[in-house]
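Notes for the one structure printed next.
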Number of protein chains: 2
Amino acid sequence: MSRNVLKTGELAKMAGVNKETIRFYEQKGLLSEPVRTSGGYRQYTQNEVSRLIFIRNAKSLGFSLSEIMELLAIADGSIDRCGDVRKIAEDKLDHINTQLHHLQSLKSTLTNLVDQCAQTSSIHHCPIIESLSKGTQQDEN
Amino acid sequence: MSRNVLKTGELAKMAGVNKETIRFYEQKGLLSEPVRTSGGYRQYTQNEVSRLIFIRNAKSLGFSLSEIMELLAIADGSIDRCGDVRKIAEDKLDHINTQLHHLQSLKSTLTNLVDQCAQTSSIHHCPIIESLSKGTQQDEN
DNA sequence: TGAAACCCTGTAGTATAGTACAGGGTGTAT
DNA sequence: ATACACCCTGTACTATACTACAGGGTTTCA
């Protein structure tokens, strides 16, 4: 039975990260400095498990550690000037919407590719390149 | 008027990357070694502009350079064993679908946050943390 | 023909996000 | 009381993706 207190290694195991990463996040300010035992061992709680899972999830969405720090600041309530929060969240939303559109169009081109691939045995005109080759070309004039 | 041939700096400008990046991509194999002038200057064409735009777009979707190299190999037709192509494209699709789901759920929580924020002047219970804190916790038994 | 603008190579530096020791201390179980 | 698992700090190393020189050659255009 756990005494409700976790050592670094236990936290690492529960959150699915490794020990060094926990120390690294502490250095970077994503985790605050924990209470220590008299011997100097870090003592964590379930809160840190959640926080690490939060970080892991946000990372899987493509957020950088500094963006995650902002999100955590919102979540912690340490940013509570409403305008600031809205600005951050709205910027995030813009970015997310852009990513969603790109991903959706790539998804359909890839789906087409896979379908075509299922029918023909070699690819001669691939739709991916046409799709991804479109873009704002800086014309030099 | 262009003679249809681009120097490194011109290509860079047109594709919206910088010169060093072009050389870097050549080193990494994302661009093949171009024809040179007698003086050793690289000579590019419109194809390389498209290729760089392709790379830029793929990067904005979160693909790494090595993944982009795979995509380019498909696009180039240099991978044309149908099974290989399908495997790569399907793996990509899985990944994209996962990212889409994560982004969609984050989008809705962020949208809620922004809405709440528009109504209240400070945030006391933020939905982001609940949303992103959910996840597979490795239970130690 | 000479100077400005551009290109070349090679190497080193930056930022991000960890990962891997070395050398030493702590906790606990037998 | 001692061995083993585990923790500590600090530092160095890795990978990815560039970015920035230094020192020198090339093109172009007046």
Side-chain angles (χ1 to χ4, degrees), chain A residues 1-45 48 51-72 95 140, chain B residues 1-45 48 51-72 95 140:
Chain A
M1 295 292 127
S2 69
R3 303 121 299 136
N4 230 10
V5 170
L6 304 167
K7 284 186 272 185
T8 303
E10 293 164 339
L11 173 59
K13 219 171 270 170
M14 290 180 81
V17 301
N18 78 34
K19 280 171 287 187
E20 287 85 358
T21 301
I22 289 171
R23 203 153 61 89
F24 175 72
Y25 286 168
E26 185 181 314
Q27 279 167 29
K28 291 279 163 178
L30 287 116
L31 292 173
S32 50
E33 291 190 21
V35 175
R36 304 279 187 128
T37 64
S38 52
Y41 283 24
R42 290 172 177 81
Q43 292 187 295
Y44 294 106
T45 68
E48 280 73 42
R51 201 172 177 90
L52 285 174
I53 290 170
F54 180 105
I55 294 168
R56 212 179 59 194
N57 286 337
K59 267 170 47 62
S60 84
L61 294 176
F63 287 100
S64 68
L65 293 189
S66 65
E67 289 174 320
I68 292 169
M69 215 137 43
E70 284 183 355
L71 289 173
L72 285 168
H95 184 77
E140 33 128 42
Chain B
M1 294 295 124
S2 72
R3 302 121 299 141
N4 229 11
V5 170
L6 304 166
K7 283 187 275 187
T8 304
E10 292 165 338
L11 174 60
K13 219 169 271 171
M14 291 181 79
V17 302
N18 78 35
K19 280 171 288 189
E20 287 85 359
T21 303
I22 289 171
R23 202 153 63 88
F24 175 72
Y25 285 170
E26 184 181 315
Q27 277 167 30
K28 290 280 162 176
L30 286 117
L31 293 173
S32 49
E33 290 189 21
V35 175
R36 304 281 185 127
T37 64
S38 52
Y41 282 24
R42 289 172 178 81
Q43 293 186 295
Y44 294 107
T45 69
E48 280 74 41
R51 202 171 176 89
L52 285 174
I53 290 170
F54 180 103
I55 293 169
R56 212 180 57 194
N57 286 337
K59 265 169 48 62
S60 84
L61 294 176
F63 288 100
S64 68
L65 292 189
S66 66
E67 289 174 321
I68 292 169
M69 214 137 44
E70 284 183 355
L71 289 173
L72 286 167
H95 184 76
E140 33 128 42

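In what follows, every heavy atom counts, from backbone to side chain, and hydrogens, waters and symmetry copies are set aside. Numbers restart at 1 for each chain; the letters A, B, ... are given by sequence-line order, proteins then strands.
- Listed by residue number, the members of residues 27-43 of chain B with any heavy atom below 4.0 angstrom from DNA chain C are Arg36(B), Gly40(B), Tyr41(B), Arg42(B).
- The CZ-P distance, from Phe63(A) to dG18(C), rounds to 15 Å in whole Å.
- Using a 4.5 Å cut-off on side-chain heavy atoms (C-beta onward), Leu72(A) and Leu30(A) make contact.
- Side-chain contact check for Leu52(B) versus Leu31(B): some heavy-atom pair is nearer than 4.5 Å.
- Put simply, Ser66(A) has no side-chain N or O that comes within less than 4.0 Å of OP1 or OP2 on dT16(C).
- For Lys59(B), the side-chain contact (heavy atoms from CB on, under 4.5 Å) partners at least two apart in sequence or on another chain are Tyr25(B), Ile55(B), Leu65(B), Ile68(B).
- Of the candidates dC7(C), dC8(D), dA17(D), dA17(D) carries the atom nearest the Lys59(B) side chain, counting heavy atoms from C-beta on.
- Within residues 18-26 of chain A, the residues approached by DNA chain C to less than 4.0 Å at the level of any non-hydrogen atom are Asn18(A), Glu20(A), Thr21(A), Phe24(A), Tyr25(A), in residue-number order.
- Proximity of Leu71(A) to Phe54(A): side-chain heavy atoms (C-beta onward) are separated by under 4.5 Å at one or more points.
- For Ile68(A) and dG18(C), the CD1 to C1' distance is 13 Å, given to the nearest whole Å.
- Straight-line distance from the CZ atom of Arg56(B) to the C1' atom of dA17(D): 17 Å, rounded to whole Å.
- The side-chain contact (heavy atoms from CB on, under 4.5 Å) check on Tyr44(B) picks up Leu6(B), Thr8(B), Leu11(B), Ile22(B), Glu26(B), Pro34(B), Arg42(B), Glu48(B), with sequence neighbours excluded.
- Following rounding to the nearest Å, Glu10(B) (CD) and dC7(C) (C1') show an atom-to-atom distance of 11 Å.
- Across Lys7(A) and Glu10(A), no two heavy atoms sit closer than the pair N-OE1, 2.7 Å.
- Here the side chains of Arg23(B) and Glu20(B) are not in contact, with every heavy-atom distance at 4.5 Å or above.
- In terms of the side-chain contact (heavy atoms from CB on, under 4.5 Å) criterion, residue partners of Ser64(A) (sequence neighbours excluded) are, by chain and number, Ser66(A), Glu67(A).
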